[in-house]
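Below is one structure; the comments refer to it alone.
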Amino acid sequence: MLRLPDNMALAARTEAWTRQERTNYHQTSAMLTAWKKTEELAYLNEVSSVPLQQALRHLQTAFTHFFGRRARYPRFKSRKKTRRSAEYTSSAFRFRDGKLTLAKMTEPLAVVWSRPLPVGAKPSTVTVSQDSAGRWFVSLLCDDPGVKPLPENGNAVGIDVGLEHLLTLSTGEKITNPRHERRDRAALAKQQRRLAKKEKGSANRARTRLKVAKIHARIADRRRDTLHKITTRLVRENQTIVIEDLTVRNMVKNRKLARAISDAAWSELRSMLEYKAVWYGREVIAVDRWFPSSRLCSACGGTLQEKMPLNVRTWTCDCGVTHDRDVNAAHNLLAAGLAVTVCGAGARPQRSTPDGQSATKQKPSRREP
């Protein structure tokens with residue numbers, strides 16, 4: 001139901017744009033009021049107006065990002081591909097004694113809470129959504145008074161991501177890649193073969209599609225749980241965390257490694273580290289992706305190997321030190337990240353600085369006597 005007014009508002013704004021006219025949120029809100037008074041769209045009055053208005057606000061945000069050249073032009077929502085969700089602000093729901101009642105509902109929702117709300121927290125927004133596996137979720141947005149910066153401990157760690165080992169720390173610890181997708185690969189392939197044989201639009205195809213989606217959801221849930229445990233531990237134990245600024249969207253273009261890279265979820269790992277670091281007063285530093293962390297000797301710092309294929313896991317420097325490829329990379333990332341903090345380049349160093357060098361490749365300038 002929310003998809004229709006959103007698409008109609010987008011169509012109206014697109015048509016106005018062709019006439020070189022701009023339409024804002026207030027004008028689309030007035031259109032929504034007029035649409036509700038028509039016989040064809042009178043059923044929109046059966047739901048609360050708040051989710052409908054929120055959909056228009058999100059559309060306004062999308063246009064703001066587009067005009068600011070931060071996103072593409074907004075697209076129409078699809079019945080099959082768009083995630084189903086409705087957002088309620090504080091005026092459209094009531095939360096009392098652990099029971100949630102939405103606007104225009106007489107009975108509270110039958111919700112199985114994953115955990116109680118923090119003491120003293122009051123939800124400001126409620127989002128009801130359904131995923132592709134048919135599961136319904138209720139998310140409450142609130143400020144958690146218990147989330148406070150942790151005491152500073154001075155620890156710093158460099159992290160090198162990989163496929164054989166999900167993470168390799170500069171401490172020498174290696175965290176095994178659980179490969180969640182591989183565990184369900186056979187069951188997933190079986191259901192996908194069945195789905196390919198079903199007639200499009202049939203009830204059998206819909207049921208099989210749901211089975212495929214449930215397997216994907218189970219894989220994603222396990223992956224997310226593992227990443228949450230790892231990132232929470234890293235943020236709690238270390239004051240500074242140094243990672244590599246990888247472009248995963250380009251790396252998955254490698255057809256041989258795309259499945260393994262997607263299953264490792266490096267982008268989600270970084271996202272979790274960054275927002276948890278903000279919560280707990282930690283610092284995450286992303287080193288420039290062109291920094292040769294694997295080919296540089298962490299012992300002497302002066303030897304740079306010309307080539308380092310992926311099958312080379314250990315190598316010996318000219319200075320006589322034998323390196324584990326991943327541990328050596330983690331050591332170099334840590335050193336480069338700490339150098340970035342000294343240079344003042346920030347958490348995401350730019351590709352180029354005013355002098356034309358990457359922040360991680362700068363060297364102290366020699367002072368003339």
Side-chain angles (χ1 to χ4, degrees), residues 1-95 100-109 111 123-141 199-203 205-207 209-210 212-213 216-217 249:
M1 184 175 292
L2 300 181
R3 185 180 67 255
L4 179 61
D6 192 305
N7 288 342
M8 293 180 65
L10 177 57
R13 296 185 69 148
T14 302
E15 184 180 353
W17 179 253
T18 58
R19 302 192 303 266
Q20 296 185 353
E21 299 176 1
R22 284 201 175 187
T23 306
N24 55 27
Y25 160 74
H26 298 288
Q27 292 171 308
T28 55
S29 179
M31 294 178 188
L32 177 61
T33 303
W35 294 335
K36 287 183 177 181
K37 296 179 180 179
T38 63
E39 184 178 354
E40 296 81 4
L41 301 177
Y43 63 89
L44 293 177
N45 294 291
E46 298 176 2
V47 300
S48 172
S49 62
V50 173
L52 302 177
Q53 297 290 345
Q54 288 297 102
L56 298 182
R57 289 189 178 93
H58 292 323
L59 180 61
Q60 176 64 36
T61 303
F63 271 101
T64 301
H65 291 322
F66 168 71
F67 289 122
R69 298 184 178 181
R70 296 185 296 272
R72 296 186 297 177
Y73 191 82
R75 290 173 292 180
F76 291 98
K77 292 186 176 181
S78 168
R79 181 176 63 87
K80 296 182 178 180
K81 297 181 180 180
T82 304
R83 178 173 175 263
R84 300 178 181 179
S85 64
E87 187 177 276
Y88 295 79
T89 57
S90 57
S91 61
F93 69 88
R94 182 175 68 253
F95 184 75
L100 177 65
T101 306
L102 302 178
K104 295 205 173 185
M105 291 183 60
T106 57
E107 297 293 333
L109 289 175
V111 180
S124 59
T125 304
V126 171
T127 303
V128 181
S129 60
Q130 185 186 31
D131 66 0
S132 59
R135 302 178 300 178
W136 288 95
F137 296 90
V138 176
S139 303
L140 278 67
L141 177 64
E199 183 181 354
K200 291 186 178 181
S202 65
R205 182 180 177 84
R207 284 192 290 267
R209 186 210 63 80
L210 192 61
V212 173
H216 278 297
R249 64 179 178 274

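Only this structure's heavy atoms are used, side chains among them; waters, hydrogens and symmetry mates stay out.
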Asn7 side chain to Lys77 backbone, donor-acceptor under 3.5 Å: yes
Any non-hydrogen side-chain atom of [X] less than 4.5 Å from a side-chain atom of [Y]?
| X | Y | result |
| --- | --- | --- |
| Glu87 | His58 | yes |
| Leu56 | Gln60 | no |
| Arg22 | Trp17 | yes |
| Leu141 | Thr127 | no |
| Phe93 | Leu140 | no |

Flag for Gln54-Tyr88: side-chain donor and acceptor within less than 3.5 Å: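 Side-chain D/A pair, Tyr88 to Gln54: absent.
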Pair Arg13, Thr28: side-chain N/O donor-acceptor within cut-off below 3.5 Å: no
Residues, nucleotides or ligands: over 12 heavy atoms within 6.0 Å of Arg79 CZ: no
CZ (Arg84) with more than 12 external heavy atoms under 6.0 Å: no
Acceptor/donor pairs from residues 66-74 side chains to any protein atom, 3.5 angstrom cut, sequence neighbours excluded:
from, atom 1, to, atom 2, distance (Å)
Arg70, NE, His65, ND1, 3.3
Arg70, NH2, His65, ND1, 3.2
Tyr73, OH, Thr14, OG1, 2.8

Counterpart residues, salt bridge (Lys or Arg N to Asp or Glu O under 4.0 Å), relative to Arg135 (two or more places apart):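 Expected list: Asp131, Asp221.
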Worked verdict on Leu52 versus Lys36 for side chain to side chain contact (heavy atoms under 4.5 Å, CB included): CA-CA 11 Å; Leu52 302 177; Lys36 287 183 177 181; 3.7 Å; yes
